[in-house]
Amino acid sequence: MRSLDEMLALSPWTQDIAPAQMERVRSTTVVREFEAGAYVCRRGERVNAWIGVIDGLVKLTCLAPSGKSVTLAGITAGSWFGEGSVLKGELRKYDVVALRGSQIAFMPEATFRGLLDTSLAFNRFLLMQLNERLGQFIGMVEHDRLLDPDARVARALAGLFNPFLYPGSEPQIQISQEELGYLAGTSRQRVNQALHVLEKAGLVKVDYSLITVVDLEGLRSFGA
DNA sequence: TCATTAAATTGTT
DNA sequence: AACAATTTAATGA
């Protein structure tokens with residue numbers, strides 16, 4: 001995915017948006033590029049845009065009192081996020097960091113609210129997305145307590161390929177094992193071990209800084 | 001294009 | 001956590 005237009009074409013909520021609204025989305029949404037490691041936005045900033053990942057990969061992260069950072073979610077290309085904070089008009093609760101060079105779209109709050117007021121499809125999409133996220137986070141807590149590390153890595157990885165939340169088309173993700181460790185809540189070494197297990201099981205293919213999902217269903221249910 | 005080097009990532013203990 | 005091995009990216013001949 002390279003351009004905002006391509007991403008809009010992939011986004012489910014654009015399907016029956018009126019042409020005038022679509023034009024407003026196109027003309028007001030700003031695209032910015034970020035290098036690996038750069039902050040897309042920081043905790044505590046006023047939220048004035050809905051954010052879309054056109055290309056690349058970002059993570060939602062927060063700082064534990066001890067100083068350790070915790071990754072709450074990885075957001076892949078094709079996904080929009082941050083609607084919760086826009087709706088509530090609150091300060092941003094987490095840091096957003098680019099893990100790779102990334103192209104990020106910022107849709108101004110006014111445009112976002114315009115869509116809310118005029119499009120039933122948009123409201124439906126948000127409802128589905130919020131519900132999907134809720135399910136994912138509940139699942140994360142459950143898995144964190146019930147599953148062994150191999151399975152946790154499998155779920156964390158599968159979570160990045162939720163077709164509704166992340167309508168990117170490719171079954172690959174460029175992510176280091178260290179970052180996957182932050183996401184799964186385990187050490188890099190354990191991720192390395194787990195990836196070997198998952199590869200032997202025929203669920204993924206592991207390359208340098210790149211993981212290809214071969215069997216998404218198998219990944220989701222691994223260890224259950 | 002090829003060789004050299006530094007940095008990032010991975011494999012292992 | 002530490003160390004070695006491997007891959008990538010950048011540089012210059």
Side-chain angles (χ1 to χ4, degrees), chain A residues 1-4 6-7 31-43 51-79 81 94-105 136 140 143-145 147-162 165-166 168-223:
Chain A
M1 209 172 326
R2 289 258 84 120
S3 69
L4 176 62
E6 285 178 60
M7 176 167 182
V31 177
R32 286 211 283 152
E33 188 155 356
F34 293 86
E35 293 183 356
Y39 280 86
V40 174
C41 44
R42 288 172 185 272
R43 178 187 169 138
I51 301 179
V53 181
I54 296 174
D55 202 29
L57 174 67
V58 303
K59 67 174 176 180
L60 262 49
T61 206
C62 65
L63 222 49
S66 66
K68 289 290 171 197
S69 83
V70 178
T71 298
L72 298 158
I75 313 281
T76 60
S79 176
F81 70 97
Y94 312 106
D95 291 323
V96 180
V97 180
L99 293 182
R100 301 265 136 274
S102 302
Q103 296 220 314
I104 308 296
Q136 186 159 347
M140 276 173 65
H143 301 151
D144 189 52
R145 313 224 169 145
L147 299 178
D148 63 86
D150 289 344
R152 289 219 304 276
V153 172
R155 306 290 173 117
L157 199 50
L160 292 172
F161 292 93
N162 180 319
L165 292 178
Y166 310 121
S169 40
E170 295 149 13
Q172 309 183 328
I173 188 166
Q174 190 198 343
I175 187 174
S176 72
Q177 297 180 1
E178 185 173 20
E179 286 299 342
L180 191 53
Y182 289 134
L183 191 56
T186 60
S187 68
R188 177 179 74 75
Q189 293 91 324
R190 200 59 191 75
V191 168
N192 185 264
Q193 217 174 310
L195 284 177
H196 284 306
V197 171
L198 298 177
E199 188 168 39
K200 278 210 175 72
L203 301 177
V204 300
K205 185 171 177 302
V206 180
D207 292 295
Y208 186 81
S209 188
L210 183 79
I211 297 170
T212 306
V213 173
V214 177
D215 178 358
L216 184 55
E217 260 321 301
L219 255 196
R220 280 214 182 86
S221 56
F222 183 86

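Hydrogens, waters and symmetry mates are skipped; everything else that's a heavy atom, side chains included, is used.
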It should be established whether A:Arg188 places a side-chain nitrogen or oxygen under 4.0 Å from OP1 or OP2 of nucleotide B:dA8.
no

A:Asn192 CG to C:dA5 C1': how many Å, rounded?
13 Å

d(CD, A:Gln189; P, C:dA2) in whole Å
11 Å

What integer distance in Å separates A:Ile175:CD1 from B:dT10:C1'?
14 Å

Rounding to an integer number of Å, can you tell me how far A:Tyr182 OH sits from B:dT9 C1'?
13 Å

Under 4.0 Å: is that the gap between some side-chain N or O of A:Gln177 and OP1 or OP2 of B:dG11?
yes

Is it the case that the side chain of A:Arg155 and the backbone of A:Arg220 share a donor-acceptor pair, with hydrogens and angles ignored and the cut-off at 3.5 Å?
yes

Separation of B:dT9 P from A:Leu210 CG (nearest whole Å):
13 Å

Distance (rounded to the nearest 0.5 Å) between A:Lys205 NZ and A:Leu198 CG
14.5 Å

Can any side-chain N or O of A:Ser102 pair as donor or acceptor with the backbone N or O of A:Leu57 at less than 3.5 Å?
yes

By the 4.0 Å heavy-atom rule, please label A:Arg100 as base, sugar-phosphate, or nothing.
sugar-phosphate

To the nearest angstrom, the CG-P distance between A:Asp207 and C:dT6 comes to 16 Å

Length of the line joining A:Gln193:CD and B:dT10:C1', which is rounded to integer Å
14 Å

Between C1' of C:dA9 and CD of A:Glu35, the distance in whole Å:
14 Å

Flag side-chain contact, heavy atom, 4.5 Å: A:Thr76 against A:Val53
no

